[in-house]
Amino acid sequence: MQHNLLILISLLIILSNLFLLGSSRTRAMLRGIAAQGVLLSILPFLFPMHKSGLVSIIVPAVLSITIKAILIPYFLHRVIQRVNTENALNPYIGYPVSVIIGLLISYGSFLFIEKLPFSYLSISPFTTSAAFASILIGMLIISTRRNVIAQIIGYLVFENAGFILGISISSTMPLFIEIGIMLDLLAGIFIMVVAVSRIHILFDSVGTQKLERLNK
Amino acid sequence: MIKFKLSSLPIFSESEFREKALGLTSSGCRISSFFASAVEGKRKLYLVLSDDEAGTVQVITTQPAAVPGNSGELSFHTLTTENPAFHLFEREIFEQSGIRPEGHPWLKPVRYPDRRPAETDFFRVEGSEIHQVAVGPVHAGIIEPGHFRFQCHGETVYHLETAHGFQHRGIETNLIGGPRPADLCKIEVTAGDSSIAHSTAYCRILEVLSETAPPARAEAIRAIALELERCANHIGDLGALAGDIGYLPTSSYCGRIRGDFLNMSALICGNRFGRGVIQPGGTGFDLSDKIKEQLLARLSAGRDDFISAVSLLWDSPTVLARFESTGTVSQEASEQIGMVGPAARASGCGRDIRQNHPSGIYRTDCPKIAVSDKGDVFSRAWVRWLEVKESIDFIEKLLQGLPSGDVFIDGAQKPAADTLAVSLVEGWRGEVCHTAITGTDGRFSSYKIVDPSFHNWFGLALALRDEQISDFPVCNKSFNLSYCGFDL
Amino acid sequence: MIINICLSIAAALVLSPLLGGIINKTKAFYAGRKGSPVLQLYFDLFKLFRKESVISTSATFIFQAAPAIIFTSTLAATIFVPFIPGLPAPSFTCDFILLFYLLGLSRFFLIISALDTGSSFEGMGASREAFFSALAEPVTFVTILTMLRLGGGTSIQAAFRGLSSESWIIIILTAVPFFIVMLAENARIPFDDPNTHLELTMIHEVMLLDNSGANLALMEWAASIKLWLFSLIIVKILLPAEILTPAAYTGLTILAVPAVAVITGTVESVMARASLLKVPQLLFSAGIIAFLGFFLSLNQFLGW
Amino acid sequence: MILPELIISLNVMIFITGVIIPLGIEKPLNMLKLPLISSIAAMLLSAVYFFCLHNSDPVLFFGGNFIIDKLAFYHIMIVNIVFLAAGIYMQEYFAKSMETDEHTAFHYRRFSMLWQGFQLMLIIVILSNNIGLSWVAMEATTILSAFLIISESDSLSLEAMWKYLLICSVGIGLAFIGTILVAAGGINTFSELYIHAEELNPKLILFAFIFIAVGYGTKAGLSPMHSWLPDAHSQAPTPVSAVFSGVMLNAALFIIMRYLPIVERAGGGSGEAHSILLLTGFLSLLFAAVFIPIQTDLKRLLAYCSVEHVGIIAIGIGLGGLGTTAALLHCLNHSLSKMLAFFASGSVIHEYGTRDMRKITGLMKRMPMWGTAFMVSMLALMGVAPFSIFISEFLIVKTAFTGGQYLLFGLFMLGTLAIFISMLKFTLEIAFKQGKPGKLTGRVGIADKAIIIISVAVLLLFGLWLPPDFFGFLEQAAQIIEGGLI
């Protein structure tokens, strides 16, 4: 049962990644990332063997659902409302192509996960490979999207991957550090959101093409 | 509403008129009406310009010159080539009076294909892969007749031309010689869903010509009726928009809620479309306290229903995806062709007669004007959503602060002689402009109605440019223009 | 085998018009209305069969022959998806190709009969139908391939045999894209709006505009048989046969097919119809899910 | 041993009060005094624990989550020195810009609070023994310092901030994954990990180290993830640029240094981790060598120069042995000279009103004091002989040469030479090219003079004569990185 649940959640995470890659609308992406946050908060309950005591299971779960599924999507929702973001910002790689790339990445991580040195640590290769695919997909979103909000969401995908890995292969972090990690993430996103509103005020756009004056 | 003594209106020479017309339209004035009229046998052109910034209305006139060699025919140099907003007005002038706008690029009849010798074919895009799709005048739904001709390349529309005139009733000619008591009934069915707007415009003409001011209570009731009409139609349209994209919940709920709002009109006057409410000199019905309470209760229930039904639309990503970026009219295009009403406000042109040229109760109080800037189907729906909420609040405010006193004052039936009067009303679809000219006997020698549809049909054509032909129904519904208001 | 074929055909003929009724009832429920009776489509068919057909003067024999061909080829396709497990059913190598090609044949005649009328609306509908079905076809075949990969055979029976509760992950990744294909193939929202009266946006309905009387009845009936067939396949994917006795399984199927209709009705109620430009994207997403299932089936990850 | 806990708690308290107090202050100039005061206090405290602990073994405290050893102490010193100097410089700098800018008290309050939080987090990074805590504090520095960049709020600095935020967050995210993989074995402190290193899975640890090196390397400005650095350093206000270059890069490298002995011990001394550092170090050097000659913006030049020097430090550590000691020495030298260079260029840019090097000419005549500081610091950064950077670079080169790594030696010489030539050209043109006549009114306060004189003196002193005690201290610190003392 627990094994099946892990498979299901990994699968849903992969599908939500593909959804994020394929959706052009930032609001839709927001739903996707909030859904991912909910999925993540189930994970701590499925890896009880890594945890000592109920508190160390419940705290990460509660933190993840409040921060990743509620607070961060709420911040982003507010900023999307404020900046009225344009959806039609052509990404560097088109949506269908990036979904196909995402599919291949996911498949690839299924294939190769056993060859990586940490596969023996995890009881569920499914989860680990979903996490590994998320790392790459998050980076793909960050590097191919021209919309700063989409980039933030890519960063969140990437962070979620860290969370999944953390939950599924290691657990030795003291609780206060896990809380610190979550608060860092929250503060980071908050700062990014503030930056996005400033970008919007200054450039009247949240596209990154206007953020390309500094180079060399 | 404003009136001018005919003798005080200077008659410009054609070149002066041209210069003035182009100068004023390029400096912020909008064409509200442009027509030809024969007073004392002399055919003149009257151009009614409204300045939204200043809130003023100007009328300039000219006497077109005779065509050399043909003593009966008059002509003037077309203004369309300089300002596209004149396009349809000039075609109408030619059709109605025979005064030829020389050099007009597309001098096709507007309503009567056989009245003047003219081009009657549709504009064609050439090319072996271009095909035409003809829709109407008989449609699959229960809607008015009108013909649409698409020039398509595959699914993409390159051009849409609309053809009207399938239900002209000759309202304008019928009104000449008035005012007569029965005329009000004709006015009320000019565009059946805008009875209040048109009858208000008509009554204001009579009132300004006879210098009678309706009592304050009547003005408040008029505004209530006008806003109820706006709510009912906007709600109906939002539902129809949802229906067009197959989103049933909102569609069926809005159908019912529209009925609720129509019934509120019926509560006032016994007629769901508000026939008979507006009378020259006031209103035909008073609001008893009981009716007032009932209206307030129904309004608050109606608002809750409306908000919950339409919120479903904005919460549904598939709906937003369908609405957004579909049928976009840019602000620039909207300004250029002189669009009015919610369609113009959806493109970012914040013009609203209630605010820019207020009359009646709107002079002291006015609902907030809703503006959106994308110009797509979503914006047009969103503007309506905002307007309905504003209107409901406004009606409640009016009901609660209803002035006391009479609702009718006599004496509006005797217009002054030799006068031109203009009245502007913001109907739910946009600016309704009535212009009347009285002769020496104090009877109408000319009466001109411009329904907002007249301004906006070309906007629909622009919205369809480079869009999918399958988007036509939803674009059409987002404008929801009147056929009979156009055909008159 | 004959019994099974007869049963399949009989069930398709008798029960299929029910599905449309259930979908409409569900939609009416979500819209807060009472809705038409569940048996409405039976009444409609009965009424239409008693009416005479009016045939356009510009139409040729193709237009007249098409309804019969469409009806029979759709009906013939149903025999490959037996209604009752356990009984011998027609099955041979690559019969799934025949199944989908029979449906293809009916679609082909639908398209050319629409073109035959010479109406510009029907031409547009035909071109849309051809385009979208071309996009839906690969998705169908990928899902079938996924099932065949597990079943280890090359017939539809083998495909259904391969699915078991062990492979639930594949079942999900097959059923979801197949459901999307079903919506596309049967002209449901978000691909097409079966209730609209707007000729310019229709796909399936617009092709039937010139049909009337018995011809229209045959077309409508064929459409509901197709819906029945797809729903039955979805039920077969979701309910692996090995878990129950044949009798119980048959009973469950009879309950499950209307359930698919209810789900379809729900989807139609909560979604708006997509812009025609977005339809390829939707089918593309279905394809992506189908491919994910296919990849998983390749590597037998289920053993992990 | 209660002492370190007490001192660290005091240190933290100072900054926390420092962060809170600005809320109650109205005058911008007073708000800016606070960072200075807390820096001085931190400096005094670090002096106290230096005297108590400089001869003892590493001290663990707070449940083993913190550690003070020589390596940490050395870096704490650098942090405190640079922050103190920047705190002093800041007073004059903002007093000047206050005359022209329309910044409100809000900006200065925010600046003061973030600045102190930033310093506190850097100290925690260095004192942390827990790999998770290191990560948390490092990420916190990113978040806190992001808004320091846009203190001069214009579109370019906003762009720089966005890049900094996004690229560094991703980098730190990678480091997080590395951290998790290291912690997978169930141990999460540096000291414990080192003790049990031989029981760890070498492949896993190396794999994790790649993530860690790339991740923290991003924050350290190592190629190929350095692209945020030139933007952020050039757009930030000068005191911020100085602490970014002088401290933050070091702190990020410091975490990599902490991991290095663990990875090497787990891998049985295979040297793979060192090779990774060598590779990224040389990449950085190469990037800097390519990009420095085409710069026109003075602060961007300095920023690329930071990429170069971080690369050199990485190379030094990568070479090991004497190279590690030299790299540690280089940390201090680079911090001091880069700090001075930024201070000088900040004043120059303010007086000339431009950052375009082609428009800044005749500096020595027009602003003698800052001109001298600029000349000295630039020469030091180029690695010219009497200054201390020459010594550390020389030691690194020597390590490469004596170790028989001639290819590395050649590459290093080539890279530094290319940078030397182009920087010399820029410096000479700025300093001596005939420009507009007339002195500029650039005031140089007493404090500024003190910074200039002390820094130049230290740079010269360490260049001419390195105190043996100090060198011995460095060697012991290097031993920790080499895997000797823990």
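Letters A, B, ... mirror the listed sequences (proteins, then strands); counts begin at 1. Atoms considered below: every heavy atom in the structure, side chains included; atoms not considered: hydrogens, waters and symmetry mates.
- The choice from B:Val474, B:Ile469, B:Ile245, B:Leu312 that makes the most heavy-atom pairs within less than 4.5 Å of chain C is B:Ile245.
- When all heavy atoms are compared, the tightest approach of B:Pro137 to B:Phe166 is CG-CE2, 3.6 Å.
- Neither the backbone nor the side chain of B:Ala242 comes within contact range of chain C; no heavy atom of the residue lies under 4.5 Å from a heavy atom of that chain.
- A donor-acceptor pair under 3.5 Å is absent between the side-chain atoms of B:Glu161 and the main chain of B:Phe122, judged by distance alone.
- Minimum heavy-atom separation, B:Gly192 to B:Cys484: N-SG, 4.2 Å.
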Quiz item: Taking it one step at a time, do B:Arg380 and B:Asp237 satisfy salt bridge (Lys or Arg N to Asp or Glu O under 4.0 Å)?
Solution: CA-CA 10 Å; B:Arg380 286 188 283 274; B:Asp237 283 351; over 6 Å; no
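- What you find for B:Ala463 and B:Val329 is that their closest heavy atoms are CB-CG2, 3.6 Å.
- Not one N or O on the side chain of B:Ser372 forms a donor-acceptor pair closer than 3.5 Å with the backbone of B:Ser379.
- In terms of heavy-atom proximity, B:Leu241 sits nearest to B:Ala381 at CD1-CB, 3.9 Å.
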If the cut-off is 3.5 angstrom, what donor-acceptor pairs do you find between chain B and chain C?
residue, atom, partner, partner atom, Å
B:Glu155, OE1, C:Arg128, NE, 3.1
B:Glu155, OE1, C:Arg128, NH2, 2.8
B:Glu155, OE2, C:Arg128, NE, 2.6
B:Ile245, O, C:Arg273, N, 2.5
B:Ser252, OG, C:Ala31, O, 3.1
B:Thr318, OG1, C:Ala272, N, 3.0

